[in-house]
Amino acid sequence: MTDPTRRDFLATGAVAGCSSVVAQESPALASPERPFLTPADEFRDVSRGTPKPYSLTGAAREAARLTPETWRLEVTADPATEEPHTKVAAVVARPLTIAAGTALDLPALLDLGKTHQVHFLKAMQCLNIDTPLGQGLWTGVPLRDVLRLCGRMTNVRRISFRGFHNNDPRQVFQSSVDYTHAFETPPGELPAFLAYRLNGEPIPPERGGPVRMVVPWSYGFKSIKWLQQIALTNNPRNTDTYAEGNNDPEAVLKSAAFSDPVPAMHPADRPLVVRGVVMCGPSGVRRVEYWVRRVEADSPAVADDAPELLRAPWAECPLDPQPDWTRTLPAGVRPQDVLGFDRTTGRPREWPLRYSVAPFTATVGRLAPGRYEFRARAVDLNGFFQPEPRPLQKSGKNAIQVRRFEVA
Ligand SMILES: Nc1nc2c(c(=O)[nH]1)N[C@H]1C(S)=C(S)[C@@H](COP(=O)(O)O)O[C@H]1N2
Ligand SMILES: [Mo]
């Protein structure tokens, strides 16, 4: 009954540092041959644990309940109280536990999917890495529909969740959403959900399978891989592991442009074309624009909010036409069934799609020999220029990338 992995679910945060995540350039979504959907094994991986949970095989993987047959989800109420924030504990009518034989298994989740399944496109982005990790078509069941199985709940203010962590409390990686975000999805908004398919296939172990939480509006740390435990709590405070890294654990994805690396040397007789992707956060994307700055070896760096940058002659980078949806989406997934797409026309209701990335092209043309810097930035629907409105990078990675190169 007392499963050591469940102890201190909400009280502890992981001691395992965020230092395992090093900020660096990722080629994953910034390569010339970028497909609209990133193959599952080409996402850049951000996983804690020693050994990494996905490296377990055979009996060890079964014992960890990381196979489709052994996977179980427990949903329990957090009994903790703590003055002054939590005067009474959360209560749930029908907890789902392994001990009582009521934990949810994969067939039961798939069965729920027959009536509640959702599909949508989301780019995974780490709050601590410069470029998005990959973009997928995720399929699963909204968290709200799973939690309804538990019947009446009282004094629940947050929903906290964690994945498998090698039975080592220091490897715990957990995250959470508030009650409102779990249950009261507004029309047109995307729900947090328990995903069991990625790009039309079962989610592979590397991407968090059999079942992964996907929190559409947030950075990757909310999308808990190898999901196994959900706790309903009356602790109103955020206990996300990522909060310990000075991150804003309620950050939402920022609209931001990410340009592909520019080769260090560019021939003067060839026009320069730079590609990239723009992430669409809740504030949308009005346009993407670029600026090429001539520099000398000793030119000082230009800050993202320097007058020279703000007054610069930025030029628009058109977004690519939308892909052919019937050919881009996995077999069996109709465009009109993807959240964010119009039910009758089968076209996205807005473009770029919220919480996904769309490719753009900057056609710079020919440049005279010399040294240059290339920058691209997004302008959101409120007229804010990247990295506005929040230049705190721990609340959303959206610094303007600087690509230095020489034309010869
Ligand atoms: N259980 C678990 N879930 C996790 C993590 C982890 O270490 N353990 N890393 C998180 C972080 S910080 C990110 S950015 C994403 C990365 O997802 P990916 O490896 O599928 O690209 O997974 C998230 N989910
Ligand atoms: Mo992350």
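When a ligand or atom number is given, it counts from 1 through the structure's own listing order.
Atoms of ligand 1 lying under 4.0 Å from at least one heavy atom of Ile224, given by number and element, are 3 (N), 24 (N). Of all atoms in ligand 1, numbered sequentially from 1 with element shown, those under 4.0 Å from a heavy atom of Arg44 are 18 (P), 19 (O), 21 (O). Every atom of ligand 1 is numbered from 1 in the order shown, and the set under 4.0 Å from a heavy atom of Arg48 is 6 (C), 7 (O). Atoms of ligand 1 found under 4.0 Å from any heavy atom of Cys126, numbered from 1 in the order shown, are 14 (S).
Ligand 1 has at least one atom lying under 4.0 Å from a heavy atom of Ser47. Look at Ser223 and you'll find a heavy atom under 4.0 Å from some atom of ligand 1. The shortest heavy-atom distance from Arg212 to ligand 1 is under 4.0 Å.
Neither the backbone nor the side chain of Glu206 comes within contact range of ligand 1; no heavy atom lies under 4.0 Å. Both the backbone and the side chain of Asp45 come within 4.0 Å of ligand 1, judged by heavy-atom distances. Within the 4.0 Å heavy-atom criterion, the part of Tyr242 lying near ligand 1 is the side chain and not the backbone.
At least one N/O-N/O distance between Lys225 and ligand 1 falls below 3.5 Å. For ligand 1, none of its N or O atoms has an N or O atom of Trp226 under 3.5 Å away. Distances between N or O atoms of Val46 and those of ligand 1 include at least one value under 3.5 Å.
Within 6.0 Å of CZ on Arg270 lie no more than 12 heavy atoms contributed by other residues, nucleotides or ligands. Counted within 6.0 Å of CZ on Arg349, heavy atoms from surrounding residues, nucleotides or ligands total more than 12; the atom is thus considered enclosed.
Distance check, rounded to the nearest 0.5 Å: CZ of Phe173 to OG of Ser47 gives 9.5 Å. Rounding to the nearest 0.5 angstrom, the gap separating the OH atom in Tyr219 from the CG atom in Leu253 is 5.0 Å.
For the salt bridge (Lys or Arg N to Asp or Glu O under 4.0 Å) test with Glu250, the passing option among Arg158, Arg237, Lys394 is Arg158; the others fail.
By heavy-atom distance, the residue among Leu127, Ile203, Leu133 lying nearest atom 16 (C) of ligand 1 is Leu133.
Looking at Ser255 and Asp380, their side chains never bring a donor and an acceptor atom within 3.5 Å of each other.
Between the side chain of Ser175 and the backbone N or O of Asp240 there is no donor-acceptor pair closer than 3.5 Å.
Between Trp351 and Trp325, the ring planes are perpendicular. Angles over 60° get that label, and only those under 30° would be called parallel.
The residues Lys52 and Asp45 are annotated as not salt-bridged, no charged nitrogen and carboxylate oxygen being separated by less than 4.0 angstrom.
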